[in-house]
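Below is one structure, written out as structure tokens; the observations come after it.
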Number of protein chains: 2
Amino acid sequence: MVSVVAVAKRAGVSPATVSRVLGGQVRVSAETRARVLQAIEELGYRPNEVARSLRAGRGRAVALVTGDIEQGINAALAKNVQSELEALGLDLLLFNMEHREERLRHFLERAPSLALRGVLLSAPHVMDMPTLLPVIQAAIRSGVAIVSLGQDFSAEGIPSIVNDNAGGAAAAVAHLIASGRTPVAFVGRIETSVVGRARFDGYRASLLANGEDVDAGLVWEISEGYRADAGYQATRAALKRNVHFGAVFAASDELALGGMAAAADHGLAVPDEVAFMGFGGLSWGAFSRPSLSTVAIDAPAAARAVGEVFKADGPPGAAGLTIIPTKLVLRQSA
Amino acid sequence: MVSVVAVAKRAGVSPATVSRVLGGQVRVSAETRARVLQAIEELGYRPNEVARSLRAGRGRAVALVTGDIEQGINAALAKNVQSELEALGLDLLLFNMEHREERLRHFLERAPSLALRGVLLSAPHVMDMPTLLPVIQAAIRSGVAIVSLGQDFSAEGIPSIVNDNAGGAAAAVAHLIASGRTPVAFVGRIETSVVGRARFDGYRASLLANGEDVDAGLVWEISEGYRADAGYQATRAALKRNVHFGAVFAASDELALGGMAAAADHGLAVPDEVAFMGFGGLSWGAFSRPSLSTVAIDAPAAARAVGEVFKADGPPGAAGLTIIPTKLVLRQSA
DNA sequence: CTGAAAGCGCTAACAC
DNA sequence: GTGTTAGCGCTTTCAG
């Protein structure tokens, strides 16, 4: 590997000067700079990022810890975040949590020794903060920026970027009610998912605000995953119990797709007999039949907010809360 | 940050001994080892991975360069690969190529300075190997293992893990023909995607083997993306031209979903009037209505093959070709 | 079996 | 404006 020393030799200067040319902060005479640049060119020199990181005490990688990258919304987030970080010269480390919290803790413990620039916590789970906070604070102390992506930890001093889950859910439910699709059921993970609960809260609030009441029989908790099969099972079970509902509001697009399948299998017309509303705004939603109405999450905006955190180089600013608006997208299913 | 020196001091030994205990290769007296271990415990010491990487000349990160992480199959791959690498103590760097080749080259150029353990090339594009090979070889020379995930570069000396695209496609088409769904159309990217072309080759071979002929009017090239909208547009265009076909074989599940939507919008019953077959085996495929028949890709198996490459620590073994079998999954759409 | 020393490649102090 | 030196934290000779 060609190093600063080699470049320095070739340019007839000291390694320090090469470094100065590279850094661009300290003044170097135009002539020297030119010679160094030429040597760099000729040797095809590229600074060793590892050495830089060791020297600087921190590297240029940001980790995205996600609950399940196979869920469309997480993949969308990963894509947008990677692109945003890249513009800042940062790399993205991907860590799939697989919905297991102890994996998060282990990873967080490794963050300082990896000299990570930051860790984006993007899991929807209810987290055991008493256990996690010490690890998080240790990471922060050693220079790792911790950012929550999805749930609000600003009270714990963690900058948080959060979708307007309750607002989006409320708008969706209001629409369903206004269209006469009552009663409105809810499918999602409430017990163990903060995000799921926020969407549920919006559902509940909207019901109440519109003079409907919350029927426990219409709230379908799912235990595992947030994928289509869970939506299918929950909806089918309700149908089998002869529960009556005019619409299903699902906490993800995948759940909604599963729900629509259950309705179809039960011989119900969507949206005429049951309407469906998803959450996420995934691109395939426009191509199911019926196409899926949904509360669209603005992944690019969330990624931009992440970019902002890392743009200002110093210690992370105030542990604020950034709320990313959602948008109701009406298609055929509701 | 607590370092080997601090641990050494506390244990009353030299840094070298601490390192030996950590390494586990060299013999250390049981008593000394115990003292060191205790000091490590007490101080909460974790070895600095960056320093290790600098010292060792290479790090513990493997990059996955993917065409588009939002495509379900790529997310599935990322998930399985991450999990497999993690078992080997390796981290996954995610780089979304966004279907632009010059981005690949730039990333490859950075690989050595990042001291990457390896780079998984997982883009379906036709690549300009004359341009790329020098960069790849430079990376290999500096210790970065290059592995192709998706297309066969074994002739170029790059170990390759490839799905049985042609075989899977052939089986799918044979099934369509056997079910009397002729003529069979093909949607996919042929011009610029090696993977798309391999699937097309399987389609073509199967047609020929079954006494059907290849009708250029039934081969729908798509230019941008591999997502549902492309499948929709291509299918709709054919329908508008009054092209007749009994089935559509799509090169991805997303394309198939889009195609089914176009058929539905055109008033065609699936599968009675037109059958659809996807490629990928994504989990939501079981929950579209009609549910999607598909050629399932075995992402876990591909990930395991990746694991094998990095398990043997030394220089990568023979630049072999590993073919991952696909499986025909029959559901409602065909 | 253990310690001392060197050095991976880089940059920030400190001279001059 | 530029060179010299030191040291980030680690592991691996080389001695003992």
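Lettering of chains follows the sequences in order, A, B, ..., and the numbering in each one begins at 1.
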Over how many whole Å does the gap from A:I40 atom CD1 to C:dC10 atom P extend?
-> 10 Å

Rounded distance in Å - CZ (B:R58) to C1' (C:dG9) = 18 Å

Answer yes or no: does atom CD of A:E102 have more than 12 heavy-atom neighbours from other residues, nucleotides or ligands under 6.0 Å?
-> yes

B:E109 side chain vs B:V135 backbone, donor-acceptor pair below 3.5 Å | no

Given atom NZ of A:K9 and atom P of C:dC10, what is their separation to the nearest angstrom?
-> 13 Å

CD/B:E41: more than 12 non-hydrogen atoms of other groups inside 6.0 Å | no

Ignoring the backbone of A:R55, work out which of D:dC8, D:dC10, D:dG3 is nearest its side chain.
-> D:dC8

In whole angstrom, what separates B:R27's CZ from C:dT2's P?
-> 10 Å

A:R52 side-chain N/O to C:dG9 phosphate OP1/OP2 under 4.0 Å | no

On DNA chain C, more 5' by nearest nucleotide between B:V26 and B:A56 is B:V26

Give a yes/no answer on whether the side chain of A:T32 brings an N or O atom under 4.0 Å of OP1 or OP2 in D:dT2.
-> yes

For the pair B:L132 and B:E156, evaluate side chain to side chain contact (heavy atoms under 4.5 Å, CB included) and give the outcome as yes or no after the intermediate values.
-> CA-CA 11 Å; B:L132 240 34; B:E156 279 82 4; over 6 Å; no

Would you indicate which nucleotide in D:dT4, C:dC10, C:dA5 comes nearest to any side-chain atom of A:A16?
-> D:dT4

Nearest-neighbour nucleotide for the A:S3 side chain, C:dG9, C:dT2, D:dT2 considered = C:dG9

Ranking C:dC10, D:dT4, D:dT13 by distance to the side chain of B:R20, first place goes to D:dT13

To the nearest Å, give me how far apart CG (A:L54) and P (D:dG7) are.
-> 14 Å

Mapping B:S29 and A:Y45 to their closest nucleotides on DNA chain C, which lands nearer the 5' end?
-> B:S29

A:N48 has an atom CG; how far is it from atom P of C:dG9, in whole Å?
-> 7 Å

Looking at C:dT11, C:dT2, C:dG9, which one has an atom nearest to any side-chain atom of A:S19?
-> C:dT11

Atom CZ of B:R35 and atom C1' of C:dT2: how far apart are they, to the nearest Å?
-> 11 Å

State whether the side chain of A:S83 and the backbone N or O of A:K79 hold a donor-acceptor pair below 3.5 Å, judged by distance alone.
-> no

